[in-house]
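What follows is a short report on a single structure.
What you see below is based on every heavy atom in this structure, not just the backbone, and it leaves out hydrogens, waters and symmetry mates.
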Number of protein chains: 2
Amino acid sequence: MARLREFEIGEALDGVMGVFWRQGYDGASMQDIEAATGLNKQSLYRIFPDKRAMYLAALERFEAIEFEKAEEALTGPATARARFEALFGGVIAQAAQGDRRGCFLCNAAADQGQEDEEATAIVSAAMGRLEKMFRKALAISAPYNRDRKACEERAAALLSTYLGLRILTKADAPLRVIKAAASAAVKTI
Amino acid sequence: MARLREFEIGEALDGVMGVFWRQGYDGASMQDIEAATGLNKQSLYRIFPDKRAMYLAALERFEAIEFEKAEEALTGPATARARFEALFGGVIAQAAQGDRRGCFLCNAAADQGQEDEEATAIVSAAMGRLEKMFRKALAISAPYNRDRKACEERAAALLSTYLGLRILTKADAPLRVIKAAASAAVKTI
DNA sequence: TCAATAGTTGACCATTCAGTCCGCAATTAC
DNA sequence: GTAATTGCGGACTGAATGGTCAACTATTGA
């Protein structure tokens, strides 16, 4: 006996995510969020208790999307090297298209690292899961299917490179450097 | 015929840097900066025209300090691998001591990337210089002293890993992962 | 002594911000 | 129709912000 919601929460969350991704927590005002979602404050506050909840929800949504993309790249091809070529290729393509937003999780680490433990926990957990995914992706090929230590180390190094690539993207580094880094990193596999 | 300044601008700048490093631009209020420097607003505003100038000056100071440290690590030892072992060892030591501030330049990229072109330019230039320094540090050893492409690619990959290490530090990743990443990265040299 | 600058304290201003509230129209189920 | 909810718009609040100003003391060189 009540009116139904006219928009998808997911779509609103996409808008929220975009703003925080681009502008950070403090850099995004409620006005920006209203504009990005096409909703007004009241509708937003009906869904989320406060701005921080919007941020955390956006962060978690980003993580989910990011994981889906990474999983696709890292399970499709049949060799470890091809898998990471696919993953890093996506980063390069993004940078080549002028998308300089970088990685929202990295941004969040820098943005909220000292202020919001919950945000840091989300980021930290995401990186842990990513590392695990990297290890699994490596374990399809030799020597990583036999040598556990090599697998762990390589996964950690690739994760580090991956995050670095996204920082370089955000920092507007020349595409040449981004491509070179990705290329060299893949060759180590 | 005038009273002399009673503090060192450099010391004040160190305080300013610490605050922005930890809290980001928007996250740092003038009150925080007053507390960190031990100066009051008026004295601060006599040195800097506004808050943004303080931020940019702090960023440049960080870059200078960071470069000095990197230069020391990357010119001391006699082999390329030992040089990067020294550099990454510093990052690990910092993380091991619980210093989770990460890299101010990376933070700045995330924090001010979309808002302040000058900050982005500083960050971008710093990364360019860092890449150049990495190349020079590699060029002492084979095959990088002969193979220019290998040198460029390796330098880019190491830069990416280096930035990634600092993000992992900021994101509170387990020390195990940071160490593993550094170890594997150094082995690729 | 005098002029000029440094430094401190506290008041002050305009703006912005997150968050709340109210009124109104629209939509749904009963 | 009625009750309940959604969405919109605008007004509003209290707090915090960056930045300025004025008044006062202290220190310096001439």
Side-chain angles (χ1 to χ4, degrees), chain A residues 1-60 107-108 111-112 114-119, chain B residues 1-60 107-108 111-112 114-119:
Chain A
M1 38 171 135
R3 184 176 168 182
L4 299 180
R5 199 189 295 108
E6 289 177 0
F7 58 89
E8 284 292 319
I9 289 187
E11 284 175 29
L13 195 46
D14 281 338
V16 174
M17 181 182 76
V19 176
F20 283 130
W21 188 358
R22 262 175 280 121
Q23 299 173 230
Y25 183 79
D26 289 312
S29 71
M30 286 306 303
Q31 279 191 30
D32 297 328
I33 297 174
E34 285 184 279
T37 56
L39 301 173
N40 61 9
K41 271 199 269 195
Q42 289 60 31
S43 299
L44 288 165
Y45 277 110
R46 212 191 304 270
I47 310 177
F48 305 102
D50 52 27
K51 189 185 173 188
R52 180 151 300 273
M54 298 179 204
Y55 185 81
L56 295 175
L59 198 55
E60 275 167 346
N107 297 359
D111 196 38
Q112 295 296 298
Q114 304 282 335
E115 298 181 49
D116 187 331
E117 288 185 16
E118 205 171 342
Chain B
M1 39 169 133
R3 182 175 170 184
L4 300 178
R5 200 188 293 110
E6 290 177 0
F7 58 89
E8 284 292 318
I9 289 189
E11 284 175 29
L13 196 45
D14 280 339
V16 174
M17 183 183 75
V19 177
F20 283 131
W21 188 357
R22 263 175 280 121
Q23 299 174 231
Y25 182 79
D26 288 311
S29 71
M30 285 306 302
Q31 279 191 29
D32 297 328
I33 296 174
E34 284 184 279
T37 57
L39 300 173
N40 58 15
K41 271 199 270 195
Q42 289 61 30
S43 299
L44 289 165
Y45 277 111
R46 193 168 301 149
I47 311 175
F48 306 101
D50 52 27
K51 187 183 172 189
R52 179 152 300 273
M54 299 179 202
Y55 185 80
L56 295 175
L59 199 53
E60 275 166 347
N107 296 0
D111 198 39
Q112 295 296 301
Q114 305 282 331
E115 297 182 48
D116 188 329
E117 288 185 16
E118 207 171 339

**Message:** I need the minimum non-hydrogen distance between A:Glu115 and B:Gln23, along with the two atoms involved.
**Reply:** OE2-O, 3.7 Å
**Request:** Would you name the heavy atoms of B:Tyr25 and B:Asp111 that are closest together and state the gap between them?
**Result:** N-OD2, 2.7 Å
**Message:** Does D:dT6 have its OP1 or OP2 closer than 4.0 Å to a side-chain nitrogen or oxygen of A:Arg46?
**Reply:** yes
**Complete:** With B for base contact, S for sugar-phosphate-only contact and - for none (protein heavy atoms under 4.0 Å), nucleotides 11-23 of chain C reads ------SSBBB--
Please list, one pair per line, the donor and acceptor atoms closer than 3.5 Å that link side chains of residues 41-50 of chain B to other protein atoms, with sequence neighbours excluded.
from, atom 1, to, atom 2, distance (Å)
B:Ser43, OG, B:Asn40, OD1, 3.1
B:Asp50, OD1, B:Arg52, N, 3.4
B:Asp50, OD1, B:Ala53, N, 3.0

**Asked** What pairs meet the salt bridge (Lys or Arg N to Asp or Glu O under 4.0 Å) rule with one or both residues in residues 11-35 of chain B, with sequence neighbours excluded?
**Response** B:Asp14-B:Arg61
**Asked** Residues in side-chain contact (heavy atoms from CB on, under 4.5 Å) with A:Ala36, at least two apart?
**Response** A:Val19
**Request:** Kindly indicate, with the supporting measurements, whether the criterion side-chain contact (heavy atoms from CB on, under 4.5 Å) is fulfilled by B:Ile33 and B:Phe20.
**Result:** CA-CA 9 Å; B:Ile33 296 174; B:Phe20 283 131; 3.7 Å; yes
**Fill in**
Residues A:Ala119 and A:Gln112: closest non-hydrogen pair is CB-CB, 4.0 Å
**Request:** Check B:Ala58 against B:Val16 and note the closest heavy-atom contact, atom names and distance.
**Result:** CB-CG1, 4.1 Å
**Complete:** In numerical order, the residues of residues 33-40 of chain B whose heavy atoms come under 4.0 Å of DNA chain C are B:Asn40
